[in-house]
There are 2 protein chains.
Amino acid sequence: MLSEQPIQSIRKTIQGYEKEDKAYIAVDCIIFGFDLNEEELKILLVQRDFEPQKGEWSLMGGFLKKDENLDEAAARVLYQLTGLYDIYMEQLGVFSEIDRDPADRTVSIAYYALINIIDHNQEMVDHHSAQWFNLSEIPRLIFDHNKMVNSAIQRLQYKASVQPIGFELLPEKFTMRHLQKLYEAILQRELDKRNFTKKINALDILIKLDEKDKESSKKGSFLYTFDKEKYLQKRAEGFVFKI
Amino acid sequence: MLSEQPIQSIRKTIQGYEKEDKAYIAVDCIIFGFDLNEEELKILLVQRDFEPQKGEWSLMGGFLKKDENLDEAAARVLYQLTGLYDIYMEQLGVFSEIDRDPADRTVSIAYYALINIIDHNQEMVDHHSAQWFNLSEIPRLIFDHNKMVNSAIQRLQYKASVQPIGFELLPEKFTMRHLQKLYEAILQRELDKRNFTKKINALDILIKLDEKDKESSKKGSFLYTFDKEKYLQKRAEGFVFKI
DNA sequence: TCAAAAGTGTTCACCGTACACCCATGG
DNA sequence: CCATGGGTGTACGGTGAACACTTTTGA
């Protein structure tokens with residue numbers, strides 16, 4: 001009898017999954033952007049436009065569907081809010097307190113994402129009543145979302161010091177000052193201009209362009225691009241990025 | 001009508017959780033132990049004693065229950081196999097490929113744990129047909145468990161270099177040689193005895209005992225204990241552990 | 001007395017950090 | 001011509017890595 005059943009149903013029967021509890025699985029995204037004008041690191045939050053907790057701020061989220069894995073779910077959620085594909089994104093961890101969502105048992109997987117702030121689709125952001133907040137001005141969020149945000153900031157600080165992910169937050173062309181201010185915003189401390197430049201140049205993964213950015217000064221400052229090919233090549237040879 | 005309902009059911013109705021998919025949530029544990037005699041780092045695997053995949057090796061696991069969070073579930077699973085409470089344990093990440101478990105959609109959260117190998121309850125281990133494997137001799141495991149193991153080894157290497165978690169793997173009293181061999185096993189490279197001793201002593205978080213361990217040599221080597229209080233004190237003052 | 005492991009210092013290269021002045025330009 | 005930000009070099013202390021010989025003692 002047993003041997004006539006397809007494998008899947010045998011396993012189900014034997015392991016007794018039916019007796020186990022199921023839960024909803026959510027994905028919540030901490031979306032970072034760097035505002036070049038204000039020289040501030042920001043995160044994108046959505047405002048709930050329905051009861052209950054209407055008007056409260058929250059991370060953008062969604063539920064895991066049958067036909068996708070978590071990375072796909074997170075990418076989908078990010079697309080819904082920003083209109084962007086191929087965003088840099090990393091899983092942060094799981095938040096599973098029993099009553100974290102009072103509506104129903106929901107386990108949430110937090111992701112953080114880095115986007116170039118000027119790329120996002122403003123209409124889609126407006127449609128979700130979303131808004132950018134400075135790290136120092138994050139409001140109270142629903143559920144355990146503040147915990148997620150703090151965890152994301154910590155992770156970003158670590159990751160940015162050990163992998164060149166900072167460039168995900170900058171436009172294609174940027175100045176040394178932009179880069180330094182970005183790292184200052186991430187690490188939340190001031191850096192010495194001479195030492196920073198020296199270190200970045202020593203890494204030898206930027207291309208100095210012939211163009212200057214005249215926005216910020218009369219003299220103008222040289223623009224750079226991140227040489228991803230060169231970085232990948234070097235990394236394959238054992239080079240480790242460290243700031 | 002709506003306003004008469006309790007909050008929870010309002011939220012459920014509005015958010016439409018019912019339309020979302022649920023999934024089973026599993027916890028799988030990578031249990032590390034350090035064999036002092038063989039000077040080898042090992043992990044504890046269980047052998048499935050039921051069909052299908054009978055005889056195949058697997059991580060110890062279980063399902064998340066309604067009335068516990070993931071840390072509690074992992075602690076429960078660890079207790080079931082080792083008889084130990086209060087084990088050092090950390091969440092690794094989520095594994096969510098759609099068909100990772102062919103029986104049913106199951107998202108698994110991997111945890112790694114560090115135990116003192118001589119503390120565990122041998123009867124409980126035998127009862128689960130569990131066995132210790134050297135890191136270099138890990139067999140093929142079911143599902144995506146090999147991926148989890150690799151991820152755990154990487155995480156352990158990082159974490160051990162940045163937090164004094166190595167002591168979780170050693171008995172109360174240990175020699176410098178034990179400690180060095182442990183770090184060599186974790187980092188998978190040889191360390192210089194003089195530099196290692198110097199570094200550890202400079203950290204100033206061990207207590208040198210008057211006792212000697214005569215097992216390993218005629219001369220005997222001094223025993224040490226980890227001074228957790230002192231470490232916590234120093235950490236509170238900004239000290240950072242680094243090996 | 002000898003084999004086997006324990007214990008112990010020095011040197012050098014490199015890296016991180018502190019620190020200040022001249023340059024180019026538009027208004 | 002001057003105010004503003006851009007761009008650059010040096011000196012020092014600390015840390016990581018390489019390296020070898022003496023001590024102890026049980027068999």
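So that the names make sense, note that chain A is the first sequence line, chain B the second, and so on, each numbered from 1.
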Worksheet item: Got a donor-acceptor pair under 3.5 Å from the side chain of A:Lys198 to the base of D:dT10?
Response: yes

Worksheet entry | Within residues 86-96 of chain A or reaching into it, pairs that qualify as salt bridge (charged side-chain N to carboxylate O under 4.0 Å, His left out) - sequence neighbours excluded | A:Glu90-A:Arg155, A:Glu90-A:Lys159

Fill in: Listed partners of B:Arg194 passing side chain to side chain contact (heavy atoms under 4.5 Å, CB included), at least two apart
B:Asp192

Fill in: Counterpart residues, ring pair (Phe, Tyr, Trp, His ring centres under 6.0 Å), relative to A:Tyr158 (two or more places apart)
B:Tyr158

Worksheet item: Quick one: B:Lys212 NZ to D:dT23 P, roughly how many Å, whole number?
Response: 14 Å

Discussion item. Taking ring pair (Phe, Tyr, Trp, His ring centres under 6.0 Å) as the cut-off, I'd like each qualifying pair that reaches into residues 169-220 of chain B, sequence neighbours left out, listed once.
Written reply: B:Phe167-B:Phe174

Worksheet item: Charged N to carboxylate O below 4.0 Å: is that the case for B:Arg189 and B:Glu184?
Response: no

Worksheet item: A:Gln180 CD to D:dT8 C1': how many Å, rounded?
Response: 14 Å

Worksheet entry | Between C:dG7 (C1') and B:Lys199 (NZ): distance, integer Å | 19 Å

Worksheet item: Tell me: NE2 of A:His178 to P of D:dG7, nearest whole Å?
Response: 11 Å

Worksheet item: Using a heavy-atom distance cut-off of less than 4.0 Å, which residues of residues 213-225 of chain B contact DNA chain D?
Response: B:Lys214, B:Lys218, B:Lys219

Response to the item:
Applied to residues 161-172 of chain B, the salt bridge (charged side-chain N to carboxylate O under 4.0 Å, His left out) test, sequence neighbours excluded, yields none

Fill in: Contacting residues from residues 186-196 of chain B, given that a heavy atom lies under 4.0 angstrom of DNA chain D
B:Asp192, B:Arg194, B:Asn195

Item to complete: Starting at atom CZ of A:Arg177, determine the distance to atom P of D:dT4, rounded to an integer number of angstrom.
Response: 14 Å

Contacts under 3.5 angstrom, residues 33-40 of chain A side chains, donor-acceptor by atom type, not counting sequence neighbours:
residue : atom : partner  : partner atom : Å
A:Asp35 : OD1  : A:Asn37  : N            : 2.9
A:Asp35 : OD1  : A:Glu38  : N            : 2.9
A:Glu38 : OE1  : A:Lys42  : NZ           : 3.1
A:Glu38 : OE2  : A:Lys42  : NZ           : 3.2
A:Glu39 : OE2  : A:Arg177 : NE           : 3.0

Fill in: Nucleotide D:dG7, atom P - distance to CG of A:Asn201 in whole Å
10 Å

Worksheet item: With sequence neighbours excluded, what pairs up with B:Phe241 under the ring pair (Phe, Tyr, Trp, His ring centres under 6.0 Å) test?
Response: none

